[in-house]
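Right, one structure below, let's go through it.
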Amino acid sequence: MPDEIVRTERLCCSYRTGRVLEDISISVEAGDYVGIVGPNGSGKSTLVRALMGLSAISDGAASLFGVPCSRFSAWGRIGYLPQSLHLLNPIFPATVAETVGLGLLSLKRFPRRLTAFDRTKVDAILEQLDICDIRSKLIGELSGGQQQRVLLARALVNDPDLLILDEPTAALDPEMRERFYSLMGEINRSRQVTVLLVTHDTGAIGKYASKMLYLDKRMLFYGNFEEFCRSTDMSALFGEYSQHLMCHRH
Ligand SMILES: Nc1ncnc2c1ncn2[C@@H]1O[C@H](COP(=O)(O)OP(=O)(O)OP(=O)(O)O)[C@@H](O)[C@H]1O
């Protein structure tokens, strides 16, 4: 029986303005690659933020690696890329390599120092994401797409067991986007890393996702990719054209 990495039971989330997520029950197993889709404002970011303890859970329950999110502390097992890049302080005087290294430092006890092995890990991920040439630049000097790659590198440098990515390709050019998806697919397959990916990039997600979650405040679909493609409910909601683009696995 595969390990359960994420579980939610009748999860509800509210902001001051009211309830935005209702009755979400999902089970994500080790090695799953879950595409989270739905219209703007449907609660996708709220769901992943709730898992990360960044949005309040108003009802129901959620757990990570079998531990309730409220008590979860093994954050090193999770690589998280938030949707808003403004979390990256543009005047923070750190270079690209230092920012990626922070992903490793944050898990160490004092004295916090990068070892030679850590540095080779940073170098390897910079290379994978094609940002070696900007390694000495300050974060504030980068374009939005470059910043996104740096944050991705920081999320990946710890070799996480679970990757939670909220619209990770929004600022990437088409070539980098393709490279990103293929890298995620490879990490998922070869290292059995579980992936939760929020996206509007329906053309690309179909190539890789093993499960789909369609949200619109409520959970309108959660299941295997193949079931998603056969679902006439999803054709009606999602549009036959988008469903075809996704399911044809171009
Ligand atoms: N901090 C907040 N305070 C109040 N309401 C919020 C907050 N964050 C999000 N919302 C509201 O919650 C709802 C869900 O937002 P959320 O960002 O989770 O949707 P989403 O599916 O990720 O949207 P998008 O595809 O546009 O990124 C929206 O109606 C949004 O206005």
Side-chain angles (χ1 to χ4, degrees), residues 6-26 28 32-64 69-70 72 78-89 144-145 147-149 151-152 155 162-174 176-177 180-181 184 194-209 211-223 225 228 231 233-239 241-243 245-246:
V6 177
R7 182 180 186 82
T8 67
E9 279 171 77
R10 310 207 67 176
L11 178 82
C12 302
C13 294
S14 308
Y15 293 109
R16 212 171 21 88
T17 42
R19 192 164 268 199
V20 297
L21 266 185
E22 191 125 17
D23 278 349
I24 311 297
S25 298
I26 61 171
V28 178
D32 278 346
Y33 189 137
V34 183
I36 304 176
V37 295
N40 288 128
S42 56
K44 304 181 295 294
S45 296
T46 302
L47 173 64
V48 295
R49 286 173 53 81
L51 295 174
M52 294 298 297
L54 301 169
S55 283
I57 295 174
S58 52
D59 232 322
S63 58
L64 293 166
C69 290
S70 54
F72 186 77
I78 302 180
Y80 172 56
L81 182 68
Q83 182 179 24
S84 318
L85 291 180
H86 65 246
L87 292 178
L88 200 64
N89 183 347
Q147 288 185 350
Q148 199 157 26
R149 277 191 254 176
L151 284 187
L152 245 182
L162 170 65
L163 269 171
I164 299 184
L165 307 165
D166 195 348
E167 294 194 40
T169 58
L172 301 184
D173 62 43
M176 197 57 218
R177 195 173 283 213
F180 163 80
Y181 277 112
M184 286 309 114
T194 308
V195 179
L196 297 192
L197 180 86
V198 174
T199 188
H200 289 284
D201 214 350
T202 49
I205 187 68
K207 262 196 207 165
Y208 301 101
K211 285 183 177 163
M212 295 296 290
L213 171 61
Y214 187 104
L215 290 180
D216 199 355
K217 273 182 133 184
R218 291 177 168 274
M219 192 175 86
L220 299 185
F221 182 90
Y222 182 59
F225 183 76
F228 178 86
S231 162
D233 285 353
M234 283 299 104
S235 319
L237 261 170
F238 204 61
Y241 180 67
S242 297
Q243 195 188 28
L245 273 186
M246 220 190 295

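No hydrogens, no waters, no symmetry mates; every other heavy atom, side chains included, goes into these values. Whatever order the structure lists ligands and atoms in, that order sets their numbers, starting from 1.
- When hydrogens are left out, the protein atom nearest atom 1 (N) of ligand 1 is Y15 CE2, 3.8 Å; that is the closest non-hydrogen contact.
- In this structure, the protein non-hydrogen atom closest to atom 21 (O) of ligand 1 is K44 NZ, 2.8 Å.
- Donor-acceptor pairing under 3.5 Å is lacking for the side chains of D166 and Y80.
- Remark: minimum distance from atom 17 (O) of ligand 1 to any protein heavy atom is reached at S45 CB, 3.7 Å.
- The S42 neighbourhood of ligand 1 comprises atoms 19 (O), 20 (P), 21 (O), with distances under 4.0 Å to a heavy atom of that residue.
- In the model, Y15 has a side-chain atom that pairs as donor or acceptor with a side-chain atom of T46 under 3.5 Å.
- Heavy-atom separations between H200 and ligand 1 include at least one value shorter than 4.0 Å.
- Nearest to atom 23 (O) of ligand 1 by heavy atom, out of G41, P39, C13, S14, is G41.
- Under 4.0 angstrom from ligand 1, the non-hydrogen atoms of E167 all belong to its side chain.
- Within a 4.0 Å radius of atom 31 (O) of ligand 1, the protein contributes no heavy atom.
- None of I164, T194, L162, I78 except one satisfies the side-chain contact (heavy atoms from CB on, under 4.5 Å) rule with V6; the exception is L162.
- The aromatic rings of Y208 and Y33 lie parallel to each other, with less than 30° between the two planes, well short of the 60° mark.
- What sits closest to atom 26 (O) of ligand 1 on the protein, heavy atoms only, is N40 ND2, 2.8 Å.
- Using 4.0 Å as the threshold, K217 has no heavy atom nearer than that to any atom of ligand 1.
- Note that CG of L213 and CZ of F228 are 10.0 Å apart. Values are rounded to the nearest 0.5 Å.
- Contact annotation: for T46 versus ligand 1, heavy atoms closer than 4.0 Å belong to both the backbone and the side chain.
- Those atoms of ligand 1 that come under 4.0 Å of a heavy atom in T17, given as number and element, are 4 (C), 5 (N).
- Under a 4.0 angstrom heavy-atom cut-off, S55 registers as lying outside contact with ligand 1.
- No more than 12 heavy atoms of other residues, nucleotides or ligands sit less than 6.0 Å from atom CZ of R10.
- By the 4.0 Å heavy-atom criterion, G43 is counted among the residues contacting ligand 1.
- Among all protein heavy atoms, the one lying closest to atom 12 (O) of ligand 1 is V20 CG1, 3.3 Å.
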